[in-house]
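Take a look at this one; I'll ask things after.
Computed from heavy atoms alone, side chains included, the values below leave out hydrogens, waters and symmetry copies. Bear in mind the structure is a predicted one, so any value in this text is a computation, not a measurement. Chain naming here is simple, since letters A, B, ... match the order of the sequence lines and numbering starts at 1 in each.
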There are 4 protein chains.
Amino acid sequence: MTTILKQEKDLISRQSAILEAGFELFAENGFAATRLEDVAARAGVAKGTLYLYFDNKEELFKRVVENTLILNIAPIEAKLEQHQGPVLPLLEDVFGHIGEMLSKSRIGTFPKIILAEANNFPELAKYYCDNVILRIQGFFTKIIEKGIATGEFRKVDPEASARILMAPFLMLALINQTPVIRDGIGLDPKAHIKAARDILISGLKA
Amino acid sequence: MTTILKQEKDLISRQSAILEAGFELFAENGFAATRLEDVAARAGVAKGTLYLYFDNKEELFKRVVENTLILNIAPIEAKLEQHQGPVLPLLEDVFGHIGEMLSKSRIGTFPKIILAEANNFPELAKYYCDNVILRIQGFFTKIIEKGIATGEFRKVDPEASARILMAPFLMLALINQTPVIRDGIGLDPKAHIKAARDILISGLKA
Amino acid sequence: MTTILKQEKDLISRQSAILEAGFELFAENGFAATRLEDVAARAGVAKGTLYLYFDNKEELFKRVVENTLILNIAPIEAKLEQHQGPVLPLLEDVFGHIGEMLSKSRIGTFPKIILAEANNFPELAKYYCDNVILRIQGFFTKIIEKGIATGEFRKVDPEASARILMAPFLMLALINQTPVIRDGIGLDPKAHIKAARDILISGLKA
Amino acid sequence: MTTILKQEKDLISRQSAILEAGFELFAENGFAATRLEDVAARAGVAKGTLYLYFDNKEELFKRVVENTLILNIAPIEAKLEQHQGPVLPLLEDVFGHIGEMLSKSRIGTFPKIILAEANNFPELAKYYCDNVILRIQGFFTKIIEKGIATGEFRKVDPEASARILMAPFLMLALINQTPVIRDGIGLDPKAHIKAARDILISGLKA
DNA sequence: AATGAATGAGCCTTCATTCAT
DNA sequence: AATGAATGAAGGCTCATTCAT
């Protein structure tokens with residue numbers, strides 16, 4: 001049984017290693033400019049091994065995206081579900097939460113990959129749209145609606161405003177994954193999130 | 001002489017046609033997925049002709065970007081230079097101005113191209129950063145500083161806040177060039193700009 | 001116009017060279033064991049050049065087959081059409097004709113290729129079946145029917161007998177293209193055809 | 001000991017299963033297009049197991065051929081040896097015998113395999129030539145010689161005529177293993193053999 | 001200057017073979 | 001002995017680039 005467990009672990013870690021390697025290289029170079037040979041090398045396996053886990057390059061790409069997309073949206077949504085009382089503290093909390101996530105994990109790479117390849121992989125873009133963007137947008141929309149209901153916020157268009165709340169996060173995600181530009185404009189994630197929270201929440205308040 | 005002029009004009013228009021075609025295809029498919037054969041076809045020339053005007057694919061890409069980048073930042077900057085009195089009306093005006101530009105012209109394609117290929121073309125990204133992003137950022141920074149000076153705005157971090165002002169524009173630019181996503185989330189450019197102006201300006205006001 | 005003619009000739013000869021090279025190698029090694037690189041080398045062109053003339057390996061294979069199949073069936077059929085009087089001399093003539101063709105040209109390679117790849121290329125086999133085998137079979141069937149009508153031949157099953165007439169030709173075609181076996185069994189094409197004519201015609205005679 | 005016997009039997013049956021599976025797939029797809037993975041699957045063993053019984057793909061192929069080649073020529077030869085009196089009845093008998101064998105068993109697959117791969121496996125072809133073709137040819141040659149001696153047959157070239165006798169069998173073997181063509185030309189084995197016997201024996205008779 | 005046929009390096013993918021378990 | 005995951009050489013195909021016309 002120990003052996004079985006070990007094998008299982010090996011299998012999982014090997015697949016993970018490939019997904020991980022694929023993630024890094026796709027994020028760095030885009031889909032086309034990424035060579036499977038390099039993915040294999042970074043994962044520490046042979047070229048042919050990739051095909052034991054993935055049908056082809058496209059499928060690997062999709063799985064890389066999907067795999068990482070089972071992201072921390074659910075826990076955030078849960079917070080809102082359980083939440084009682086004024087939404088302002090929740091919103092402030094969420095700003096910090098997402099901001100930190102985008103600064104530290106590499107989850108912010110995805111918007112970039114998806115946007116870059118959206119025309120070449122429309123189904124993938126749709127998938128991302130439905131499972132990530134729309135869920136986040138829905139989350140913010142509900143917060144705004146609640147805030148309007150409790151009188152905390154002015155009467156704004158909840159959905160359009162939700163997208164305005166999301167914009168600084170998108171910007172952070174994109175630019176933080178692009179060193180040349182991030183360093184070029186001197187963007188500091190913490191200050192960025194702080195300014196976003198400050199201005200946007202002030203702008204919503206009644 | 002007429003002939004010479006005509007020839008010259010032909011030369012110019014041929015080069016333009018290539019740049020134009022390259023722009024459209026690079027914007028649609030990214031750098032790698034764009035085939036020079038298709039660029040040539042769309043420009044109405046033969047494949048070999050491209051090489052009479054451009055050294056290679058990379059150079060064509062750079063020239064496409066550089067060529068179209070001489071965008072209308074200057075007039076906007078000029079407005080600020082000449083401007084007297086309260087900055088709020090100017091800022092409101094600028095919101096509409098940029099919003100319209102991004103909705104109608106294809107200038108919004110660039111952020112997407114640049115971000116997608118920033119790691120493969122760092123000099124290009126740097127160039128774009130210096131000549132476009134930083135200038136726009138500087139523009140907004142100055143407006144905020146002036147607004148703080150006139151007492152119109154709260155005391156915020158001008159540069160970080162400038163980036164928050166830019167975020168919805170970046171979002172609009174990116175998503176508007178990506179039909180799958182634009183339609184997927186139901187983004188309406190006008191409503192988007194309206195909400196941005198509303199929330200951000202309220203958020204800045206003293 | 002001289003130039004145009006020359007170019008046209010070049011194009012034709014290049015395509016022919018590829019078909020020729022493909023023919024030889026496919027005949028020698030079969031479909032799978034033939035490398036396009038070798039086809040290109042034998043045709044005196046680069047690997048990529050093949051793709052200017054053929055979509056892919058399969059298509060090249062089919063074209064090789066089809067191309068050579070516009071063979072000398074038509075002229076033989078014509079003979080029968082024009083023929084008057086007793087069919088025996090015609091049949092004897094045809095034996096010599098086909099025998100010579102199979103001995104000298106490499107047209108006899110096809111049955112072997114087709115049979116070997118029939119399961120991998122069923123449409124091709126069907127094509128060959130309809131356009132070659134059935135036409136030859138029809139030709140012999142008609143001769144036998146005529147011969148029965150004129151009283152030259154016994155009353156035999158015309159179609160089944162036609163296939164018996166064809167059998168020695170098939171054998172010759174297959175074995176003559178397979179040196180190991182041809183030499184191994186000491187098959188001499190002329191003697192083979194002579195014996196076939198002798199026995200089969202005697203066997204049909206009334 | 002029962003166990004040992006069982007193991008031994010398992011070994012034998014496993015090897016047989018592989019040879020069997022190989023036979024079917026090689027016959028269907030040819031050498032190159034047959035994947036060892038499929039052979040293993042059809043034999044109900046793992047891919048690696050093949051290599052416990054065979055050095056490599058080529059060797060498996062040869063063994064598949066050799067293994068099944070020990071066909072029933074001997075009993076037929078014996079008949080001739082013991083035979084006394086007129087050969088005509090024997091020849092007629094043999095026609096039915098071989099015809100039935102080719103229609104029912106899969107022994108007719110071999111000519112196709114051998115011919116298709118003769119250039120890639122010359123020793124195999126030689127082996128088949130010496131042990132099968134030449135023996136059958138010798139058998140028919142002797143019958144014809146005897147028949148000439150007894151005055152039953154005309155004075156023909158015995159060896160060349162032997163090959164003419166063999167031709168319809170070869171044709172049947174090849175085409176019967178190739179459904180597309182067999183169905184395409186509407187070949188019926190029984191009628192084919194009947195016509196062959198009829199015409200060829202008539203053709204030989206004095 | 002313009003063409004487009006030709007080139008060949010490069011990459012994805014397959015599959016015979018190996019080897020740790 | 002048996003397994004099947006892993007390997008990597010080999011080959012089909014694409015497309016940026018060249019060059020004869």
Rounded interatomic separation in angstrom, taking CZ from B:F54 and P from E:dA2
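Interatomic distance, CZ of B:F54 to P of E:dA2: 12 Å.
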How long is the line joining CD of B:E59 and P of F:dT17, in whole Å?
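Distance, rounded to whole Å: 11 Å.
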Pair C:F26 and C:F110, ring centroids less than 6.0 Å apart:
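No, too far apart.
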For F:dA9, take OP1 and OP2 only and decide whether either is under 4.0 Å from a side-chain N or O of C:R35.
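Checking F:dA9 against C:R35, no side-chain N or O comes under 4.0 Å of OP1 or OP2.
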Which nucleotide sits closest to the side chain of B:A46: F:dT7, E:dT3, F:dG12?
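Selected nucleotide (nearest to the side chain): E:dT3.
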Find the distance B:Q15:CD to E:dA1:P and express it as a whole number of Å.
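Whole-Å distance recorded here is 12 Å.
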Taking atom P of E:dC15 as reference, at what distance in whole Å does atom CG of D:D38 sit?
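Roughly 8 Å, once rounded to whole Å.
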Among the nucleotides E:dA16, E:dA2, E:dC12, which one has an atom lying closest to any side-chain atom of A:L36?
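Output: E:dC12.
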Whole angstrom value for the distance that separates P of F:dT17 from CG of B:L50:
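After rounding, the reported distance stands at 10 Å.
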How do A:T49 and B:D55 order along DNA chain F: which one's closest nucleotide is nearer the 5' end?
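Checking each residue's closest nucleotide, the 5'-ward one belongs to A:T49.
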Is there a side-chain polar atom (N or O) of A:Y53 under 4.0 Å from OP1 or OP2 of F:dA5?
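No.
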D:F61 and side chain to side chain contact (heavy atoms under 4.5 Å, CB included): which single residue from D:N120, D:I113, D:T34, D:N56 fits?
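Of all the options given, the one that passes is D:I113.
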B:L52 near the nucleic acid: base, sugar-phosphate alone, or nothing, with a heavy-atom cut-off under 4.0 Å?
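B:L52: base contact, heavy atoms under 4.0 Å.
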Of the listed nucleotides (F:dT18, E:dT17, E:dT3), which one gets closest to any side-chain atom of B:Y51?
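Selected nucleotide: F:dT18.
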Quick one: look up who F:dA1 pairs with, Watson-Crick or G-U, both distances under 3.5 Å, and put none if it's unpaired.
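Partner of F:dA1: none found under 3.5 Å.
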For E:dT3, take OP1 and OP2 only and decide whether either is under 4.0 Å from a side-chain N or O of B:R14.
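Yes, B:R14 has a side-chain N/O under 4.0 Å of OP1/OP2 on E:dT3.
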When the nearest nucleotide of DNA chain E is assigned to C:G44 and to D:A32 on a heavy-atom basis, which residue is associated with the more 5' position?
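So the residue in question is C:G44.
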Report yes or no: is the cationic atom of A:K57 (NZ for Lys, CZ for Arg) under 6.0 Å from the centre of the six-membered ring of A:F31, at an angle within 45° of the ring normal?
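Yes.
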According to the Watson-Crick and G-U wobble definitions, with both distances under 3.5 Å, which nucleotide is paired to F:dT7?
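Looking at the geometry, F:dT7 pairs with E:dA16.
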Just how far, in rounded Å, is C1' of E:dC11 from CD of A:E58?
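Taking CD of A:E58 and C1' of E:dC11, I get 15 Å after rounding.
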Between D:F31 and C:G48, just flag the one whose closest nucleotide in DNA chain E comes earlier from the 5' side.
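Closer to the 5' end of DNA chain E: C:G48.
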Decide yes or no, distance alone: a donor-acceptor N/O pair under 3.5 angstrom between the base of F:dG11 and the side-chain of C:K47.
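Side chain to base: no pair below 3.5 Å.
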Both C:N56 and B:E37 contact DNA chain F. Which one's nearest nucleotide lies toward the 5' end?
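That would be C:N56.
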Would you call D:R42 and D:E20 a salt bridge, using N to O less than 4.0 angstrom?
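No, no charged N to carboxylate O under 4.0 Å.
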Would the distance check show the side chain of A:N131 and the main-chain N or O of A:Y127 forming a donor-acceptor pair, the cut-off being under 3.5 Å?
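Yes; at least one donor-acceptor contact below 3.5 Å.
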It should be established whether D:K57 places a side-chain nitrogen or oxygen under 4.0 Å from OP1 or OP2 of nucleotide E:dA16.
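D:K57 to E:dA16 OP1/OP2: side-chain N or O found under 4.0 Å.
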Report the distance from atom OH of A:Y53 to atom OG of A:S16, rounding to the nearest 0.5 Å.
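Rounded to the nearest 0.5 Å, the OH-OG separation comes out at 9.5 Å.
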